[in-house]
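Remarks on the structure that follows.
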Amino acid sequence: MEGKLISINDFIISEKEFDIALVEFKNQTKSAKVNMGQLQYLADQLIDAKLLLDEAVRSNFIVAETDVDNTIANIVKQLGSEENFEKYLSHHNIDLENFKNKIKGNITLSKFIQANYIDKINVSEEDVMKYYKSNPDKFKVQAQVKASHILFNKTDLAAAESVKEMIDNGENFAELAKEHSQCPSGQNGGDLGYFGKGQMVKEFEEASFEAEVNKVVGPVKTQFGYHLILVTDKIKHKNYEYDEVRENLTKEMKNQIVNHHIKKKVDELRKQSKIAIDMIVLNSKAN
């Protein structure tokens, strides 16, 4: 018998089912490790989904077998072949019938949420405009640059100039950053990501914002030493007009309302249900 991890009334979510969901969660979040907060979040998501699915079943939502078959066909296509699909099932120790039931549950839940929440909520143009006018800072983008650098010690001007010459002659900036940079970012090819004004020391900021994209500048002297700087992207300051954000803002506001109503419903269902989590087993999955 599979180990029980979560019980919801008479329903059991086994440790194996949780582990499969955990693998999917790690893939989605690109996380190799998870902490206790993330594990609790995933457990809550599984509980909420089960409670809503039970509500959908009680509401007589019917899913056609063709919907299930089409979804599985798409999964097979994404995996590349039937053989790869069978390997996926085998790797996770899932039989096809259980997999179909899971897909059926997902489709049922999706249709239930669509019909009972998404389709019933309307966000007026007036409300969207009001939000836009009341939150002007949310629709501004400050000037930013995306840059990488190679940092040399204050006494290493000659080394900085030598590496600059190597880059000018075609050698790879990121590889040289890994080899020569005194900054921890060197292990990532010197990548500093995006930053705006006021986030870097004055000399570094000025050189970065004045630099041409994809052209190495420097050595630039700061209190930390000498820098070679490569700017790979620039974002100009911009105020987004209403028409540019209206569609996405409408969707965002609608999603917020939908999520609020779903949470309210789930809270009601939780109060009516007996829920238990084996915290010892859950804790054992943190790494």
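Since this is a predicted model, take the numbers as computed values, not measurements.
Within a 6.0 Å radius of NZ in Lys221, other residues, nucleotides and ligands contribute 12 heavy atoms or fewer. Atom NZ of Lys104 has 12 or fewer neighbouring heavy atoms from other residues, nucleotides or ligands inside a 6.0 Å radius.
Salt bridge Glu268/Lys271: absent, no basic N to carboxylate O contact under 4.0 Å. Classification of Glu161 and Lys164 as a salt-bridged pair fails, no side-chain N sitting under 4.0 Å from a carboxylate O. In this structure, Glu210 does not pair ionically with Lys234, as no charged nitrogen and carboxylate oxygen lie closer than 4.0 Å. Between Asp10 and Lys274 there is no salt bridge, since no side-chain N of the basic residue sits under 4.0 Å from a carboxylate O of the acidic one. Ion pairing between Arg270 and Asp44 holds under the 4.0 Å rule for side-chain N and carboxylate O. Remark: Lys285 engages Glu15 in a salt bridge, criterion side-chain N to carboxylate O under 4.0 Å. For the pair Lys264 and Asp267, the salt-bridge criterion is not met [side-chain N within less than 4.0 Å of a carboxylate O]. Salt-bridge annotation for Glu247 and Lys251: present, with a side-chain N of the basic residue lying under 4.0 Å from a carboxylate O of the acidic one.
The ring pair (Phe, Tyr, Trp, His ring centres under 6.0 Å) check on Phe139 picks up Tyr132, with sequence neighbours excluded. Listed by chain and residue number, His92 satisfy the ring pair (Phe, Tyr, Trp, His ring centres under 6.0 Å) test with Tyr88 (two or more places apart in sequence, or in another chain).
Considering only heavy atoms from C-beta on, Tyr226 stays 4.5 Å or farther from Asp156 through its side chain.
Here the side chain of Asn153 pairs no donor or acceptor atom with the backbone of Thr155 at under 3.5 angstrom. A side-chain donor-acceptor contact under 3.5 Å links Asn35 to the backbone of Gln38. Checking side-chain atoms of Glu205 against main-chain N and O of Gly198 turns up a donor-acceptor pair under 3.5 Å.
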Walk me through it: do Thr71 and Asn74 pass the test side-chain hydrogen bond (donor to acceptor under 3.5 Å, both in side chains)?
CA-CA 5 Å; Thr71 300; Asn74 286 332; 5.6 Å; no
Please assess Lys178 against Glu175 for the test side chain to side chain contact (heavy atoms under 4.5 Å, CB included), listing each intermediate value before the final yes or no.
CA-CA 5 Å; Lys178 292 177 183 178; Glu175 292 302 318; 3.6 Å; yes
Might you work through the side chain to side chain contact (heavy atoms under 4.5 Å, CB included) test for Val231 and Glu212, ending with a clear yes or no?
CA-CA 7 Å; Val231 172; Glu212 294 180 28; over 6 Å; no
Would Lys130 and Asp127 count as a salt bridge (Lys or Arg N to Asp or Glu O under 4.0 Å) if you check the C-alpha gap in whole Å, the side-chain angles of each, and the deciding distance to 0.1 Å?
CA-CA 5 Å; Lys130 182 178 179 181; Asp127 287 339; over 6 Å; no
Using the ring-ring contact (aromatic ring centres under 6.0 Å, His included) rule, take Phe25 and Phe18 through it: C-alpha gap first, then chi angles, then the decisive distance, then the call.
CA-CA 10 Å; Phe25 176 80; Phe18 185 88; 9.4 Å; no
Using the rule given for side chain to side chain contact (heavy atoms under 4.5 Å, CB included), can you reason through Ser7 versus Lys4, listing the C-alpha separation, both sets of side-chain angles and the distance that settles it, and then say yes or no?
CA-CA 7 Å; Ser7 63; Lys4 177 179 71 174; 4.1 Å; yes
Show your reasoning for whether side-chain hydrogen bond (donor to acceptor under 3.5 Å, both in side chains) applies to Lys265 and Tyr117.
CA-CA 11 Å; Lys265 183 62 180 179; Tyr117 298 98; 5.8 Å; no
Residue pair Glu165, Ser162: steps toward the side-chain hydrogen bond (donor to acceptor under 3.5 Å, both in side chains) verdict:
CA-CA 5 Å; Glu165 185 176 351; Ser162 176; 5.7 Å; no
Passes side chain to side chain contact (heavy atoms under 4.5 Å, CB included), Leu228 versus Val217? Steps please.
CA-CA 6 Å; Leu228 299 179; Val217 297; over 6 Å; no
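For the side chain to side chain contact (heavy atoms under 4.5 Å, CB included) with Ile103, the qualifying choice from Val68, Asn98, Asp67, Asp69 is Val68, the only one to do so.
Looking at Tyr194 and Asp233, their side chains do bring a donor and an acceptor atom within 3.5 Å of each other.
Atoms CG and CD, from Leu109 and Gln114 in turn, are 11.5 Å apart once rounded to the nearest 0.5 Å. To the nearest 0.5 Å, atom CG of residue Asn255 and atom CG of residue Asn248 are 10.5 Å apart. In this structure, the separation between CG on Leu46 and CD1 on Ile13 is 5.0 Å, given to the nearest 0.5 Å. Considering NZ of Lys50 and CD1 of Ile12, their distance stands at 10.5 Å, rounded to 0.5 Å. Separation of atoms CD1 (Ile47) and CG (Leu269) is listed at 12.5 Å; rounding is to 0.5 Å. With rounding to the nearest 0.5 angstrom, the NZ atom of Lys111 is 7.0 Å from the CD1 atom of Ile107.
Considering all non-hydrogen atoms of both residues, Gly189 and Ser148 come closest at O-CB, 4.0 Å. The minimum heavy-atom distance linking Glu203 with Val220 is given by the pair O-CG1, 3.8 Å. Counting all heavy atoms, side chain and backbone alike, Val213 lies closest to Thr232 at CG1-O, 3.5 Å.
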Ignoring hydrogens and angles, write down the donor-acceptor pairs under 3.5 Å from the side chains of residues 237-246, residues two or more places apart or on other chains.
{"residue": "His237", "atom": "ND1", "partner": "Val141", "partner atom": "O", "Å": "3.3"}
{"residue": "His237", "atom": "ND1", "partner": "Gln142", "partner atom": "OE1", "Å": "3.4"}
{"residue": "Lys238", "atom": "NZ", "partner": "Glu244", "partner atom": "OE2", "Å": "2.9"}
{"residue": "Tyr242", "atom": "OH", "partner": "Glu125", "partner atom": "OE2", "Å": "2.9"}
{"residue": "Glu244", "atom": "OE1", "partner": "Glu241", "partner atom": "N", "Å": "2.8"}

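Taking the ring axis of Phe224 as reference, the NZ or CZ atom of Lys154 does not stay both within 45° of it and closer than 6.0 Å to the ring centre.
Listed by first then second residue, pairs satisfying ring pair (Phe, Tyr, Trp, His ring centres under 6.0 Å) with a partner in residues 34-74 read Phe61-Phe112, not counting sequence neighbours. Sorted by first then second residue, the ring pair (Phe, Tyr, Trp, His ring centres under 6.0 Å) pairs that include residues 258-287, not counting sequence neighbours, number zero. Pairs passing the ring pair (Phe, Tyr, Trp, His ring centres under 6.0 Å) check and including a residue from residues 147-175, sequence neighbours excluded, read His149-Phe204, His149-His227.
No path of Ile, Leu, Val, Met, Phe, Trp and Tyr side chains, each step under 4.5 Å between heavy atoms, connects Val145 with Leu230, placing them in separate hydrophobic clusters.
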